[in-house]
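Below is one structure, written out as structure tokens, with a few remarks after it.
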Amino acid sequence: MTEAAPADGDAKPDPSAEVHGGAVAASTPTQLTVLAGPTAVGKGTVSADVRARYPEVWLSVSATTRTPRPGEVDGVHYHFVDDATFDRMVEAGEFLEWAVVHGRHRYGTPLAPVLARLAEGRPALLEIDLAGARQVRAAMPDARLVFLAPPSFDELVRRLVGRGTESEEERARRLATAEVEMAAADEFDHVIVNDDVQRATDELVAFMGVAARR
Ligand code: 5GP
């Protein structure tokens, strides 16, 4: 099996190196980027836009214990698993990270596919929650962490109410979590304001070193 190695033999300058300063310059090049941010900020929409317009970026497919929503396809949007299967995966050490999200269901990133993509030198993106992002940072310090932020907190409230998929109680719980999550932005390597989905996506892929297209 091949080891993960710098993808480019001719050592092209890393377009995002300035953002990281010395930390990246001193470390092994990595193609792993984590996208996190508060509830309802549009992480799912941005990653769907990456999937549609940048097929060269590999998107990790998480395992989750929640049930599929209409239109979600097993193996594409998530691997939908039961509690016993999730337990078995945790025990077998199959996750790069996992977390209970919004106090309800478990979500985790299967490790083997991530390692396989990194070995191929293909840019890989994880769209996960803040607790997961922190675990990735601990496990893979070279991973680049991107925080997707709303233009304002009021806008976040408007989006959460507007999408109408949560009960009032659930909304209150998610907004309380979001307030805590917003305070974590400065732990990240880069902050992208989601004022426009395509613009935010283009900024994300440019940060990943993938040429943005229109
Ligand atoms: P949803 O149920 O709306 O698809 O996702 C709920 C939340 O779970 C989102 O904030 C999403 O980022 C997060 N999430 C999805 N997959 C993972 C994962 O593999 N690990 C972690 N830690 N969070 C995840």
Side-chain angles (χ1 to χ4, degrees), residues 1-4 7 27-51 54-69 72-148 174 177 181 184-185 187-190 192 201 204-205 207-210:
M1 179 146 161
T2 1
E3 286 292 335
S27 63
T28 316
T30 179
Q31 303 276 338
L32 183 63
T33 304
V34 176
L35 181 68
T39 185
V41 71
K43 282 172 296 182
T45 317
V46 168
S47 47
D49 191 33
V50 172
R51 183 183 278 120
Y54 295 95
E56 62 270 50
V57 174
W58 176 78
L59 272 162
S60 166
V61 180
S62 299
T64 180
T65 56
R66 84 153 162 76
T67 49
R69 296 184 187 129
E72 285 183 333
V73 179
D74 188 38
V76 174
H77 299 97
Y78 284 104
H79 300 289
F80 296 99
V81 301
D82 58 18
D83 276 309
T85 305
F86 202 97
D87 285 344
R88 189 197 53 70
M89 293 175 80
V90 171
E91 276 159 32
E94 289 179 21
F95 287 123
L96 166 58
E97 61 73 37
W98 69 271
V100 176
V101 180
H102 300 308
R104 301 190 62 180
H105 301 292
R106 289 181 291 173
Y107 297 78
T109 305
L111 176 60
V114 172
L115 294 180
R117 294 300 94 69
L118 295 181
E120 286 167 7
R122 187 164 168 204
L125 182 65
L126 314 183
E127 185 253 287
I128 61 178
D129 84 329
L130 181 63
R134 287 179 173 140
Q135 290 176 53
V136 173
R137 166 137 286 170
M140 293 184 167
D142 292 339
R144 297 161 182 172
L145 268 52
V146 175
F147 189 87
L148 193 65
R174 289 191 178 214
T177 309
E181 289 177 339
E187 292 172 32
F188 283 69
D189 299 307
H190 190 61
I192 295 177
T201 301
L204 173 64
V205 297
F207 178 77
M208 294 176 74
V210 175

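Throughout, residue positions are numbered sequentially from 1 according to the sequence presented.
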- Task: Could you please spell out the steps behind the side-chain contact (heavy atoms from CB on, under 4.5 Å) verdict for R66 and F80?
- Result: CA-CA 7 Å; R66 84 153 162 76; F80 296 99; 3.8 Å; yes
| query | Step by step, would you call T201 with L204 a side-chain contact (heavy atoms from CB on, under 4.5 Å)? | reply | CA-CA 5 Å; T201 301; L204 173 64; 5.6 Å; no
Does [Y] offer a backbone N or O that forms a donor-acceptor pair with the side chain of [X] under 3.5 Å?
X    : Y    : value
R106 : D83  : yes
K43  : L148 : no
T64  : V81  : no
T65  : H105 : no
R122 : E56  : yes

**Study point:** Pairs involving residues 107-137, ordered by first then second residue, that meet ring pair (Phe, Tyr, Trp, His ring centres under 6.0 Å) (sequence neighbours left out)
**Key:**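 Matches after skipping sequence neighbours: Y78-Y107.
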For residues [X] and [Y], report the shortest heavy-atom separation together with the two atoms involved.
X    : Y    : result
P110 : A63  : CD-N, 4.2 Å
A133 : L145 : O-CD2, 3.9 Å
P38  : E181 : CA-OE1, 2.9 Å

Show every donor-acceptor pair shorter than 3.5 Å between a side-chain atom in residues 92-101 and any protein atom, with sequence neighbours excluded, or say none if there are none.
from	atom 1	to	atom 2	distance (Å)
E94	OE2	R88	NH1	3.1
E97	OE2	T109	N	3.3
E97	OE2	T109	OG1	2.5

Roughly how far, to the nearest 0.5 Å, is the CH2 atom of W58 from the CZ atom of R51?
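So the CZ of R51 and the CH2 of W58 are separated by 11.0 Å.
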| query | Between CD of E72 and OG1 of T67, what distance do you get to the nearest 0.5 Å? | reply |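 Going from CD on E72 over to OG1 on T67, the span is 8.5 Å.
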Heavy-atom side-chain contact between [X] and [Y] under 4.5 Å:
X    : Y    : result
L118 : V114 : yes
L32  : L126 : yes
M140 : L115 : yes
M208 : L35  : no
D82  : T85  : yes

- request: Answer yes or no: is there an ion pair linking R137 with E187, defined by an N-O contact shorter than 4.0 Å?
  value: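 Not counted as a salt bridge, because no side-chain N and carboxylate O are separated by less than 4.0 Å.
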Side chain to side chain contact (heavy atoms under 4.5 Å, CB included) partners for S47, two or more places apart: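 So S47 forms a side chain to side chain contact (heavy atoms under 4.5 Å, CB included) with L59, E127.
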